[in-house]
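Report on the following structure.
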2 protein chains.
Amino acid sequence: MLQVKEKRNVTIVDIAEAAGVSRAAVSLVLRGKTGVGASARARVQQAMRDLGYVYNRGAANLRQSRSSVVGMIINDLTNPFFAELAVGIDRALQISNYMPFMANTAESVVRQVELIRSMREHGAVGLIVSPALDTDPDELAELAQDFPLVLAVRRIAGSRLASAVSQNREGAQAATRHLLGLGNRKIAFLGGRSATIIRAERLAGYRAALEAQGIAFDPALVIESMPTRLGGIDAMNAALSLPTRPDAALCFNDVVAMGAMIALNHHGLVPGRDIGIVGFDDIAEAALVSPPLTTIAVNAEVLGENAARLLLNQIRNGASAIENYVGDARLVVRGSCGAQGQTASIQTACLMPIQKGP
Amino acid sequence: MLQVKEKRNVTIVDIAEAAGVSRAAVSLVLRGKTGVGASARARVQQAMRDLGYVYNRGAANLRQSRSSVVGMIINDLTNPFFAELAVGIDRALQISNYMPFMANTAESVVRQVELIRSMREHGAVGLIVSPALDTDPDELAELAQDFPLVLAVRRIAGSRLASAVSQNREGAQAATRHLLGLGNRKIAFLGGRSATIIRAERLAGYRAALEAQGIAFDPALVIESMPTRLGGIDAMNAALSLPTRPDAALCFNDVVAMGAMIALNHHGLVPGRDIGIVGFDDIAEAALVSPPLTTIAVNAEVLGENAARLLLNQIRNGASAIENYVGDARLVVRGSCGAQGQTASIQTACLMPIQKGP
DNA sequence: CATGTTTAATAGAACGATCTAGTAATACAA
DNA sequence: TTGTATTACTAGATCGTTCTATTAAACATG
């Protein structure tokens, strides 16, 4: 009678048996602790190789209730800015010997709550979230009361949460000032969702720069859209159908700016000549598009590293360690704003450090 | 005497106590099974809310030894092509009620083996890997013998593994034929690492197209580099320092092509006019750069969805279900190859479907 | 009324690791 | 010889859940 083998997992018990020692001894070997002799240790290691043993971290965490998993939840990985952010977070956590697991919400709040729950259920000891649009502030605030949580890039209305963000107001102000300096007077603000803090901040900077020049803020020039390429196309189309066309546009971010440039092309207009365009983020592609995009540079990787740092502080020191980081945002002038003279040299200067070699 | 509370986790036992039922009853409620009355069920749910219960999936998996976690390990998330691939995989797995966890290797094989191990340790039931450069084929092959594994984008030398890849040979052949049709004779092949199958396939297509026209394959025109923007810069610089400069270049992928275009700019050359450039992948940015990039379109999201499909088949049907998927690759003519006339209309045609609205 | 059948509910073993508290054996000092 | 450290090793409890087997009651059915 042939016995059908139930394909049971290889466990610590099997190893113990094969090596002729106790479970406890195997466990010690597994964790590299002392208290087991050289010969026994060797036998255990051999047995693990022979039987194809896979450590069961779930079982281990059950007992010691402290995993090293942290979750990162990103709103849109197809936006290069967030991809770079994610890589920055990932690298920093890795260096500190945490195991980052990543997930993408694609701006779905429903998916986001699923992911947050799932990551906690899997024993994550902390979470870095770049929140989806329309995220419920109270939900995250409540979670953060007894769980290490850091927001990245997007802060959330009315909640006192740790966050790593950039100088949105200052950046937008510098950008607007630059456009004004080039002689533009009718400057649109394109894209982004109005309910978000990040947009409110950038909008405030835009407004402040206008009013500093004695130019009245005109709500008709502020056009909301999704913070995506497609949103940028929509926003620019809307801007072009205004009674009088704007001279220039400050875009919510670089992908919106690229969408806006596509829309301009469709209308036979040339960015930088017919309408000045400025973006925000300085993604790697910004220097490559045509014309090269003038933008506000935010170092996504550094932002990510700081988000990681804040999270680790919270994990180690508890709720007492709720801090914030604000990364700087500086203007990078390329061609799309219409400042043609400066283009070539600056473009070159900003290109090379984009990517580190292996 | 104030008693210091050990902050123990809220467990199913606490809920049971609070609701005045047994652990088993709580477990049933948790999983939405029948066998518990309406009033008891309500009490349990209330208690869970009151106490802030978090399900411990590790403990559950320990007992039932079947999680729904699958891992996806990506070689370079800062390359938009792989970001789109990741999003495609993610979406497909999500639809099938699996919980995808993602991680980035940044082309590090060391990191890759760590991640593979970690994901198995955390109970992943399968893995989709877009392998890092220099991945050890035997290692993955051995793993795949008793573990559901699918390779995405990059196949691995000499191993019979499930994979979802694209028509590399056909795509490169079409691209080369197109460049030849435009009158180019001295066509370089730029970028990519020579040890990879994917590059060998693309190179074979390139070579086949050349030889079909009676043009001898010239190894000096084939330049290796990292498959990154920086690699593209290096490769093009090398190509420009050849004794005689090439007429055109087929680039390993789009980011290499963009790097190549940067290098051309540095040398004061114009892509499409002085040297024709063709890429591979058709990332969203390809249509936006200057000039718009002629490339071989590969639908990364569809590739990802198919990788997910193959993995699910394997998970459900075991090792018998090792299949392969080959996505098609078609030429998209824009400006960078030098075929100026067709640019505008095609560029427009290919732009709109890139991104789906919310 | 006896006899099934369904439903609600539970106790106790199990999953795979770690931790505690211990035993046995050796080495070293007095 | 005895006492004391140190080292190698282990049995059994434990973590939070699910599963199996069982009981008890409620409800039909002939």
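Below, read A as the first sequence line, B as the second, and so on, with proteins coming before strands; counting in each chain starts at 1.
In the model, B:Thr11 has no side-chain atom that pairs as donor or acceptor with a side-chain atom of B:Asn9 under 3.5 Å. For the 3.5 Å distance criterion, the side chains of B:Asn75 and B:Thr105 fail to qualify, holding no donor opposite an acceptor. Looking at A:Gln94 and A:Arg91, their side chains never bring a donor and an acceptor atom within 3.5 Å of each other.
Closest contact between the side chain of A:Tyr55 and the listed nucleotides C:dA9, D:dT10, C:dT18 involves C:dT18. Nearest to the side chain of A:Leu62, among D:dT10, D:dT18, D:dC15, sits D:dC15. Candidate nucleotides D:dT17, D:dA11, C:dT10 were compared by shortest atom distance to the side chain of B:Thr11, and D:dT17 ranks first. Comparing atom distances between the A:Ile12 side chain and each of D:dT17, C:dA17, D:dT10 picks out C:dA17 as nearest. Closest to the side chain of B:Leu30, from the set D:dC19, C:dC19, D:dT18, is D:dT18. Looking at the side chain of B:Asn56, the nearest of the listed nucleotides D:dT10, C:dT10, D:dG16 is D:dG16. Proximity note for A:Arg23 (side chain, C-beta onward) versus D:dA11, C:dT10, C:dT18: the nearest is C:dT18. Which of D:dT17, D:dA11, C:dA11 sits closest to the side chain of B:Ser22 comes down to C:dA11. Comparing C:dC19, C:dA11, C:dA9 against the side chain of B:Ala40 picks out C:dA9 as the nearest.
In this structure, B:Lys33 places its NZ atom 17 Å from C1' of C:dT10, rounding to the nearest Å. The CZ atom of B:Arg31 sits 8 Å away from the C1' atom of D:dC19 (whole-angstrom rounding). Following rounding to the nearest Å, A:Asn9 (CG) and C:dA14 (P) show an atom-to-atom distance of 18 Å. Spacing between atom CD of A:Gln64 and atom P of D:dG16 amounts to 13 Å, rounded to whole angstrom units. The CG-P distance, from A:Leu28 to C:dA17, rounds to 14 Å in whole Å. Atom CD in B:Glu121 sits about 10 Å away from atom P in C:dA17, given to the nearest Å. Distance CZ (A:Arg66) to C1' (C:dC19): 17 Å, rounded to an integer number of Å. The separation between A:Met48 atom CE and C:dA17 atom P is 11 Å, rounded to whole Å.
Smallest separation of non-hydrogen atoms from B:Gln112 and B:Ser130: OE1-O, 4.4 Å.
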- prompt: Does the pair A:Leu140 and A:Ile116 meet the rule for a side-chain contact (heavy atoms from CB on, under 4.5 Å), with working shown?
  reply: CA-CA 10 Å; A:Leu140 286 192; A:Ile116 291 176; 3.7 Å; yes
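Among the protein residues, A:Val26 comes within range of no part of the nucleic acid, since none of its heavy atoms lies under 4.0 Å from any strand. Within the 4.0 angstrom heavy-atom criterion, only backbone atoms of the sugar-phosphate kind lie near A:Gly37; the bases stay farther away. Among the atoms of the strands shown, base atoms are found under 4.0 Å from some heavy atom of B:Ala24.
Taking five base pairs at each end of the helix from C:dC1-D:dG30 to C:dA30-D:dT1, the local helix axes there meet at an angle of 50°, rounded to 10°.
In terms of position along DNA chain C, the nucleotide closest to B:Arg43 lies nearer the 5' end than the nucleotide closest to the other residue of the pair A:Ala60 and B:Arg43.
A centroid separation of less than 6.0 Å is found between the aromatic rings of A:Phe101 and B:His122.
Between A:Arg111 and A:Glu114 there is a salt bridge, since at least one side-chain N of the basic residue sits less than 4.0 Å from a carboxylate O of the acidic one.
In this model, the phosphate group of C:dC15 is not approached by any side-chain N or O of B:Ser65 to a distance below 4.0 Å at OP1 or OP2. Here A:Arg63 does not reach the OP1 or OP2 of C:dT20: none of its side-chain N or O atoms lies under 4.0 Å away.
Interatomic distance, CD1 of A:Ile128 versus CG of A:Leu312, reported as 7.5 Å (0.5 Å rounding).
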